Amino acid sequence: MPPRLRLQPSQLRPVRPRTQYVCWQCRHASLASATTPAPPIEQTIAAVPPISRYPPTQPPSYKPPEFRKSQLHRVYQSTLRSSPLILLFQHNNLKATEWSGIRRELSAALKKVDDDLAKNAGDSAYIGSGMKLQIVQTGIFASALKVVEFWDPKFEPEAPTTHPADPQTASSTSIEDTKPVASDPGFKHGLSKQAYLATKKNQALRHGLEPLLSGPLALLTFPDVSPQHLKAALSILSPGPDFPAPKRRVNPAYHEKAVQDGLQKLMLLGARVECKVFDTQGARWVGSIEGGLGGLRAQLVAMLSGIGAGITNTLEAAGRSLYVTVEGRRGMLEEEQKGGKEGGEEQPPASSA
Amino acid sequence: MITKYITAVSTAFSPFNARSGKTVRNFLALLPPNARSKMAIDVKMFGQREAEKPASLSLTFKDGKEMAMDLEKMKLKDIQTEVDRHSRTLRRVEELSG
């Protein structure tokens, strides 16, 4: 029977791959004497880093970045670097209603301090609105604290010592920050391998907060060191004889059951003030500074100028006492002379008469 | 840890003492949320300078038994075992009595 498809034998030969059509000019372009564009000036002076394997917005992370704990690590590093004053509390099974009650009372008290400062001292920083009472994952927080304390990213790059046009530079000198590898020191973010190794390498380094980082932890973070806000926060969260709690008549909402039960389960452990560790007593001492940091600076200035005035007085004292003595003696002599003259003047009229 | 039969907890510790501070704090974290209404909890905290002062933890049970824990030798697991042991006897008594 004849084939169903009427195909000619020539059509059955294998198909040669069709090349893309190129016009005559492009085909012979390599023979032409075309000029290449000049490189940018920077490229002629310094070596160009190779194409990076990682985009600048997603540098390589030592631990998997898609895990929540890696992102929490970044959040905690940022909190530690941006909060010069942090109070550490232990929270023992507080309920959600208790937390909301405590946060409500705290924000009300801080708002009052903010308004007072804005009205009286003209300080419109409104630190109270930037303060946060948050629960942290203790293990991740401990790791983030180690990175913040022990790893220095050195953001200012050192000046390159090799210059390509310098005849002393060897032709095969390797330039730093050119290797697109994850462990390259050019990566300066807190999740990098460099940051991880900096905390692991030296096990003897201690930052002082290690004994506190165990069990359930909550932080109260301050965007700025402000003793007035600290005083208000301590009088709400851990009241004592030096920071009394608001009275029932003044603030009845503070004395409701949820808030009081919650406050009994919150324990102040310590504080981290400007990278230094303080215990409960130290935190209370910081809170008791009168007039805030401005007042402290004013006291310091007054004390220093007082010292200067004291030294000046002491040095002048000898000269001053000598002057006073001489003046007094001169006055006395003048009086005697006057007295003698008057006596002399009185006598002759008496004798003449 | 069975905490139903504890009526009072009294502790004194320094949070800066790595061993005893962590033990006491983790013990306090094991108490249930409604514990404060049912038991009397007394916590006294020392400062950073008194970190070496000996810490103390003493519990009182429903039958009046007072248990003082030696924090030098006991870890949290040991404390839990002790508390559970006594609490189980109290639980059995309670079940039998009705």
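Just so we're on the same page: letters track the sequence lines, and every chain starts at 1. Here the structure is a predicted model, which is why all the values come from computation and not from measurement.
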Legend entry - Side chain, backbone, both or neither of F13(B) within contact of chain A (heavy atoms, under 4.5 Å):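 Contact with chain A is through the side chain of F13(B) alone.
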Legend entry - Contact origin within L31(B) toward chain A - heavy atom pairs under 4.5 Å: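 L31(B) touches chain A through backbone heavy atoms alone.
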Does any backbone or side-chain atom of [X] lie under 4.5 Å from a heavy atom of chain B? Answer side chain, backbone, both or neither.
X: Q264(A); answer: both
X: K265(A); answer: both
X: L94(A); answer: neither

Legend entry - Centroid separation F61(B) to H86(B) less than 6.0 Å: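 Aromatic pair counts; centres sit under 6.0 Å.
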Legend entry - I135(A) and L217(A), any side-chain heavy atoms less than 4.5 Å apart: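 Contact flag for L217(A)/I135(A) side chains = no.
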Legend entry - Sub-4.5 Å side-chain heavy-atom contact between R284(A) and S238(A):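 The answer is yes, as the side chains (C-beta and beyond) meet within the 4.5 Å cut-off.
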Inset, instruction - For the pair Y76(A) and F141(A), name the ring-plane relationship: parallel under 30°, tilted 30 to 60°, perpendicular over 60°. - result: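 Judged by the thresholds at 30° and 60°, the geometry between Y76(A) and F141(A) is perpendicular.
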Legend entry - Winner by heavy-atom pair count (cut-off under 4.5 Å) against chain A, out of A29(B), A18(B), G47(B):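 Ranked by heavy-atom pairs under 4.5 Å with chain A, first place is A29(B).
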Inset, instruction - Assess whether salt bridge (charged side-chain N to carboxylate O under 4.0 Å, His left out) is satisfied between R85(B) and E82(B), documenting all intermediate values. - result: CA-CA 5 Å; R85(B) 191 184 301 145; E82(B) 286 290 321; 3.3 Å; yes
